[in-house]
2 protein chains.
Amino acid sequence: MLETIEEKCQKNGVKLTDQRRIIARVISESKKTYGESDHPDVDELYNRVSQIDSKISIATVYRTVKLFEEAGILTKHDFKSGKARYELNDDHNHLIDIKTGEIIEFVDQEIEELQKKIADKYGYKLVDHKLELYGIKKK
Amino acid sequence: MLETIEEKCQKNGVKLTDQRRIIARVISESKKTYGESDHPDVDELYNRVSQIDSKISIATVYRTVKLFEEAGILTKHDFKSGKARYELNDDHNHLIDIKTGEIIEFVDQEIEELQKKIADKYGYKLVDHKLELYGIKKK
DNA sequence: AAAATAATGATATTAATTTTCAATTTCCTT
DNA sequence: AAGGAAATTGAAAATTAATATCATTATTTT
């Protein structure tokens with residue numbers, strides 16, 4: 001199974017406070033609770049976190065999300081709309097329905113390898129990648 | 001060779017005013033003048049445009065860039081930093097050096113086809129895509 | 001040329017994110 | 001365990017990118 005956020009924090013020397021632990025938990029549970037295509041923005045995270053501890057400020061959510069991102073725990077997405085959206089760092093890619101905004105996640109080994117090969121060709125070691133496909137549903 | 005922005009505007013029914021023509025020219029010349037990895041943000045475009053006609057307001061640059069984007073003439077990128085950055089619409093992808101911020105553009109037919117295939121697999125027709133590779137230079 | 005429509009410049013507004021700062025909590029050092 | 005340094009937090013202010021407003025100017029249409 002995957003490491004928990006807590007484990008990743010330990011490994012990266014990120015200190016876990018009560019607030020951060022709650023935020024981590026909310027993120028960890030987001031897909032389980034809200035479905036596979038859940039990519040909450042900071043406001044949404046703040047709402048969910050507030051239900052657990054209403055004392056936590058939105059500034060802390062912003063700070064924590066940034067901290068986790070820098071530690072490689074979360075991935076930040078911009079997609080189309082203004083707000084940044086977050087999810088656990090994972091190697092999957094996104095297929096976005098441009099009509100409905102629905103997000104389908106997929107992993108494709110062939111693409112992964114091709115990407116490494118391309119970076120290599122230019123003399124780079126691949127450390128991160130982002131692939132977004134925008135499509136319209138066929139009937 | 002590639003169509004000029006003016007031609008694309010005609011084809012898309014986008015009216016070209018003096019201001020828009022100047023902005024188009026600045027964008028067209030950006031890579032020639034500033035190198036292949038030039039991806040100016042609105043501020044930078046505004047600076048360059050101002051040197052040609054200092055009367056043009058930044059609001060017009062914002063409006064024009066949005067107009068061109070909607071007409072499929074420009075592509076907007078978010079990369080890492082906050083500001084959106086623009087370039088002529090083209091099918092290439094980006095390899096970004098996470099140390100230096102250097103941007104290398106590449107096209108890869110194999111990846112293009114794989115992307116279509118994946119969208120297809122999920123029942124989608126691919127209309128747009130974005131691939132960003134983040135890497136570190138090998139020695 | 002007059003009326004209608006669209007585009008522009010200057011400025012105000014909005015929305016997301018970051019920063020500030022005083023108060024609290026955690027971490028060391030003894 | 002106590003005291004002081006360092007880090008974290010909440011609340012609010014500040015910043016920033018982008019959009020909207022509105023009076024003026026330019027372009028079409030008739």
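Here the structure is a predicted model, which means the values were calculated and not measured. The sequence lines fix the lettering, A, B, ..., with proteins before strands; numbering per chain opens at 1.
When rounded to the nearest whole Å, the span between CD1 of A:Ile23 and P of D:dT8 equals 13 Å. Regarding B:Ile22, its CD1 atom lies at a distance of 17 Å from the P atom of C:dA7, rounded to whole Å. Remark: P of D:dA11 and CD1 of A:Ile56 are 11 Å apart, rounded to the nearest angstrom. Rounding to whole angstrom units, OH of residue B:Tyr46 and P of D:dA18 are separated by 15 Å. A:Arg63 places its CZ atom 14 Å from the P atom of D:dA7, with the value rounded to the nearest Å. Separating the CG atom of B:Asp78 from the C1' atom of C:dT17 is a distance of 15 Å, rounded to the nearest angstrom. Distance A:Leu67 CG to C:dT17 C1': 16 Å, rounded to the nearest Å. For B:Leu16 and C:dA7, the CG to C1' distance is 13 Å, given to the nearest whole Å.
The existence of a salt bridge linking A:Asp120 and B:Lys138 is confirmed by a sub-4.0 Å separation between a basic side-chain nitrogen and an acidic carboxylate oxygen.
When all heavy atoms of A:Leu16 and A:Arg21 are compared, the pair lying nearest together is O-NH2, 3.1 Å.
Under the 6.0 Å distance and 45° angle rule, A:Arg20 does not count as a cation-pi partner of A:Phe68.
Proximity note for B:Asp43 (side chain, C-beta onward) versus C:dC27, C:dT20, D:dA17: the nearest is D:dA17. Checking D:dG10, D:dT8, C:dT11 against every side-chain atom of A:Ser57, the shortest atom distance belongs to D:dG10. Picking from C:dT17, D:dA7, C:dG9 the nucleotide with the shortest atom distance to the side chain of A:Val42 gives C:dT17.
Listed pair B:Lys66 / D:dT19 meets the phosphate criterion, a side-chain N or O lying under 4.0 Å from OP1 or OP2. For B:Thr17 and D:dT27, the shortest distance from a side-chain N or O to OP1 or OP2 is not below 4.0 Å. Applying the 4.0 Å criterion to OP1 and OP2 of D:dT9, one finds that A:Arg20 has a side-chain N or O inside that range. The side chain of B:Gln19 places an N or O atom within less than 4.0 Å of a non-bridging phosphate oxygen (OP1 or OP2) of C:dG9. An OP1 or OP2 oxygen of C:dT26 is reached within less than 4.0 angstrom by no side-chain nitrogen or oxygen of A:Lys15.
Ring planes of A:Tyr122 and B:Phe106: tilted class, angle from 30 to 60°.
For the pair B:Ile136 and B:Asp97, the minimum side-chain heavy-atom distance is 4.5 Å or more.
Comparing A:Thr60 and B:Tyr62 by the nucleotide of DNA chain D whose heavy atom lies nearest to each, the residue mapping closer to the 5' end is A:Thr60. Summary of the strand contacts: B:Ile58 and A:Asp18 both lie near DNA chain C, and taking for each the nucleotide with the nearest heavy atom, the more 5' one is attributed to B:Ile58.
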